[in-house]
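In this chain, numbering begins with 1 at the start of the sequence shown.
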Amino acid sequence: MATRASEDPSLDPRFHNLHEELRSVLFNGLSNLSPSQLRTPQVGTSEASHSLDFSTATVKIPQARLVRYLQNWITECAPQLDKFDEEQHFQIEVPLVAQRSPALLYAILAFSSRQMERRGLVQGCYDSLELYQESIRLLAPALQAKDSATLVTACVLAVFELMSSETGNWRRHVEGCASLFELFGVNGFSGGLLQAVFWCYTRMEVCGSLTSDGAETMVLALEKWVPDRNRSVITPEDGERLVRTLFHEKSRDSHDTHANWAIYLCARVCDLKFRRTSYLELGHTDTSDRRPFSQQWQQLWLDLQFWLDERPSTMRSIALVDEDTESSFPLIAFPHWAAISSNQVYHAACILMLEMQPPGSGFDSHTLSLWHARQICGISCANPHSGSMVNSIQPLYIAGRLLTHRSERQKIAQLLACIERETGWAALWRLRDLEAEWGYEGIVDWGG
């Protein structure tokens, strides 16, 4: 039976118990597998199509409601995850794979149900936890069968968890996914659905690392994000050059790759900040890169500017209003959805870089950081794509810390409230963090 706690899984003890059960299923299943046992991951390519089968489920939810959740996945949820994917794997292929993977089917139904609950689109029924539990129940035998669709299922369940609650404990939500990607040997250039799922996962990683503010780095090591480069015989400089060349070549014909390149560069920024924090605060020696910090910083800054300079025309803004009196920010419109988030992530990464700028770099950190912050806000004001709204939560927080005028803070607050209202993703917790940064106590009426 539904209770008030059921309306917010993060407040329901069952949510936490099921999360621990999911971790147990994943790690127990992984312990019984080895790479030699796994067939090359192929998802949804050769099986004959058939109708979705709800008969194997133990849930007591009317099938008409399940179909409604499936429709909502296709029209509302999947586009949020496909924002860097022109082939729309989550919208088109994932439902097809779910025809033969019950665990995946109930994962997408749980996600969709929760999104509708958070948006207030269902009344008197809170099915997401029951569907979440069913997906976990079905996941264990799928993992034992070495079904590569478990990668997709685990990723959707991780996104479900992060959408539903604050991300302070993000590592526990993504660790199982990281282990699966490593075991299956899937990376950002594997191709097809699994590549799309990989980059969906890495966006969760980057958002979590941004939340930690330098206290934590990626769960899945950055060298696992790209194909093996015979790492034992190359220097960090060689590795960076090879990865830069790989992204540059692949992105000439792919908006997706150029956008994913921004995610990778932001992950490198987070990792550099983590290693710097570990050295300055904990005294740990950086054994992964022996170059002076200033040299590492300078090369990463150059890589970020190279990404910016090499954007194809469709990844550049098509309209720019330097100052809009209604929004308090410039308005920067993009013609392609992959451009929206990737440009925001670039600006957020630049702010983080300027915060740890080494002496002698020659930048006016405050002025330049404020410019990047205003670009982040202007992009959100002018591009209301739902997937980009989801991905803007962390960049808006990073920008908001630098803004001092009440009208600017008010607009940030309204943007975050709109994200939670329109997409179902938890965003107001970042507003509460900003209010603490701004020195506000109690409830502030931001209007809008």
Side-chain angles (χ1 to χ4, degrees), residues 19-20 22-43 81 84 89 97 101 103-104 107 136 139-140 142-159 161-162 169-209 212 216-234 236 239-240 242-243 246-247 250 257 260-261 263-268 270-271 274-275 287-289:
H19 168 61
E20 293 304 318
L22 174 60
R23 282 177 57 85
S24 177
V25 166
L26 287 173
F27 286 110
N28 287 341
L30 286 165
S31 66
N32 296 322
L33 297 176
S34 67
S36 61
Q37 293 177 291
L38 298 172
R39 61 180 181 266
T40 302
Q42 296 291 329
V43 181
L81 306 183
F84 285 8
H89 284 95
V97 177
S101 175
L104 177 57
I136 295 171
L139 182 59
L143 190 58
Q144 292 169 8
K146 311 176 190 68
D147 184 352
S148 56
T150 56
L151 276 167
V152 190
T153 305
C155 183
V156 172
L157 291 176
V159 181
E161 293 177 347
L162 292 175
N169 201 19
W170 64 277
R171 292 184 72 89
R172 291 186 65 80
H173 296 297
V174 301
E175 284 171 335
C177 290
S179 298
L180 279 169
F181 282 120
E182 186 167 3
L183 190 64
F184 277 74
V186 173
N187 60 62
F189 295 87
S190 293
L193 172 60
L194 295 185
Q195 176 176 307
V197 172
F198 180 88
W199 287 110
C200 176
Y201 161 81
T202 60
R203 293 195 294 270
M204 290 189 284
E205 276 256 48
V206 169
C207 286
S209 187
S212 77
E216 296 178 295
T217 188
M218 307 302 124
V219 177
L220 185 64
L222 281 170
E223 60 265 24
K224 303 289 187 181
W225 291 30
V226 294
D228 192 343
R229 308 183 307 275
N230 193 11
R231 304 179 191 95
S232 62
V233 297
I234 61 175
E240 290 169 2
L242 287 172
V243 172
L246 176 64
F247 273 108
K250 296 291 186 180
T257 303
N260 292 331
W261 189 3
I263 298 297
Y264 175 79
L265 289 172
C266 190
R268 279 184 56 198
C270 293
D271 184 65
F274 166 75
R275 290 186 285 113
T287 59
S288 63
D289 194 331

ask   = Hey, what do you get for CH2 (W225) to CZ (F198), rounding to the nearest 0.5 Å?
value = 6.0 Å
ask   = Of all heavy-atom pairs between D289 and P236, which one has the smallest distance, and what is that distance?
value = OD2-CB, 3.6 Å
note = Scanning both residues in full, the closest heavy-atom pair of P227 with L246 reads CD-CD2, 3.8 Å
key: Exam field: side chain R203 to backbone L81, donor-acceptor pair closer than 3.5 Å   = yes
key: Smallest separation among heavy atoms of G29 and L143, with atom names   = CA-CD2, 3.4 Å
request  = Quickly, which of D147, L22, L104 forms a side-chain contact (heavy atoms from CB on, under 4.5 Å) with L139? Name it, please.
outcome  = L22
key: Heavy-atom pair with the smallest gap, counting every atom of A149 and V97   = CB-CG1, 4.0 Å
message = As an exercise, state the distance from CD of E175 to CG of L180, rounded to the nearest 0.5 Å.
response = 12.5 Å
key: Donor-acceptor contact present, side-chain R171 to main-chain S209, <3.5 Å   = no
ask   = Rounded to the nearest 0.5 Å, how far does CE of M218 lie from CD of E223?
value = 12.0 Å
query = S101 versus T153: any side-chain heavy-atom pair under 4.5 Å?
reply = yes
Candidate pair V243 and Y264, rule side chain to side chain contact (heavy atoms under 4.5 Å, CB included), full reasoning = CA-CA 10 Å; V243 172; Y264 175 79; 3.5 Å; yes
key: Rounded distance [0.5 Å steps], OG1 in T150 versus CZ in F184   = 4.0 Å
ask   = So how far is it from R268 CZ to L222 CG, rounded to the nearest 0.5 Å?
value = 8.5 Å
ask   = What's the spacing between L220 CG and F181 CZ if we round to 0.5 Å?
value = 8.0 Å
task = Using a 4.5 Å cut-off on heavy atoms from C-beta on, say whether the side chain of E205 contacts that of C177.
result = no
query = Should R172 and H19 be marked as a side chain to side chain contact (heavy atoms under 4.5 Å, CB included) after you check the CA-CA gap, both sets of side-chain angles, and the distance that decides it?
reply = CA-CA 9 Å; R172 291 186 65 80; H19 168 61; 3.6 Å; yes
query = Where is the tightest heavy-atom contact between S148 and L194, given as atom of each residue plus distance?
reply = O-CD2, 4.3 Å
request  = Search all heavy atoms of A107 against all heavy atoms of L157 and return the closest pair with its distance.
outcome  = CB-CD2, 3.7 Å
